[in-house]
Amino acid sequence: MLQHKIKELASHNHERIVAFRREMHRNPELSFQEVETQKRIRNFLESNGIHDIKECADTGLVVLIKGKNPDSTTLGLRADIDALPIHEQNKTDYCSHNSGVMHACGHDVHTSCLLGAALILNELKNEFNGTLKLVFQPGEEKLPGGASLMIKEGVLQNPAVKSMIGQHVMPLIEVGKLGFRKGLYMASADEIYITVIGKGGHAAHPHQNIDPVSVAAQIITSLQTIVSRMAKPSIPSVLSIGKVIADGATNVIPDTVVMEGTFRTFNEEWREEAHWKIETMVKLIAEANGAKVEVEIRKGYPYLENNPEVTDRTRQAAVEYIGEENVVDLEIWPAGEDFAFYSQQVPSTFYRLGTRNESRGITSMLHTPTFDVDEEALRLGSGFMAYAAISELKFLEEDS
Ligand code: NI
């Protein structure tokens, strides 16, 4: 039976995939600089007999694996390949050799799992109809997002991708489990930059100055009403101001206050409207206090919505592969993810691979200097992706 074959192949390849992951983890590269990573992925594929490889968005790769009737349909599988500017604190023998750069978001795991799936799918080419397009994507961690660049370069065309599946590690979920959510899943994430310009002076004579600190305080509290009073309760929204610099003293009112924050939500119309409200509120509060203000909102990734049908089918594949007891239903997760760009173009699903192992002390969150995974996850991550791909292709083919 197919599932059995896939599990055998995943176990057979496991050591090689772990070795690849460690090599990639030792040699992390920042967003859009993944030159060696790209070579490493290409070499691995070529040395395993996979040669239909094209470069895309400079440091990305697009790989085709063709089954029977390759023109019948195409499914996309995506892994991101870039690392973060974090100094790794783990003391493993595969920890980062590139000081200040670290695979702290598991993109080494995503890449290795997709390579593992590639080996399995290449071995089983006679067992499915259609074409698999494997997308090794650069620059997930940095605007404008590698996904948007690859889409501009036509990654979803020639052959046209019918649906798309992406996988991401999740340190809150036990190793051996997978998490799914249909509908709204991850947020749009925009950056807010505000500079309040007042008139500094002696703190004993506030009437002779324009105090940007009290203006900033009003702005911070008022902006919260955009979430609590103006957002539709059915559309989750988050507004956080995480940086406030008012560099005065006990007896000095500063000239300016600089603030930075983030606005996240799950609806493109509301997102536009909220941007306008933020800008207007900030300007009018400053004006009412006689201060000047500069406000800039830098747009990040759109929100990520998991297509209900693709998600149901992929979740069902997971139930078949690991049993219902190992399938977790996810909550909304207001982080940003550039997989959202694909999900806005084609029906897509983005699911989570459990990597947590408390008994081994593997519990650190994403984007922390102690993040690591239980590498057992690579066996499931490779095998399941192959199984989910073949299941989805079967559906797409019958549907077309
Ligand atoms: Ni990530």
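Both ligands and their constituent atoms are indexed starting at 1 by order of listing. Values reported hereafter were calculated over all heavy atoms of this structure, with side chains retained and with hydrogens, waters and symmetry mates removed.
By the criterion of a separation under 2.8 Å, the protein N/O/S atoms near the Ni ion (ligand 1) amount to Cys105 SG, His107 NE2, His168 NE2.
With a 4.5 Å cut-off on side-chain heavy atoms, Tyr303 and Leu184 count as touching.
Cluster partners of Leu30, using a side-chain heavy-atom cutoff of under 4.5 Å among ILVMFWY residues and allowing indirect links, are Val101.
In the hydrophobic clustering of ILVMFWY residues, with side-chain heavy atoms under 4.5 Å counting as a link, Leu223 and Leu284 come out apart.
Between Phe266 and Tyr185, the distance from one ring center to the other does not fall under 6.0 angstrom.
Here salt bridge (charged side-chain N to carboxylate O under 4.0 Å, His left out) pairs that include residues 390-400, with residues two or more places apart or in two chains, are Arg313-Glu392. The stretch residues 106-123 participates, sequence neighbours left out, in these salt bridge (charged side-chain N to carboxylate O under 4.0 Å, His left out) pairs: Arg21-Asp108.
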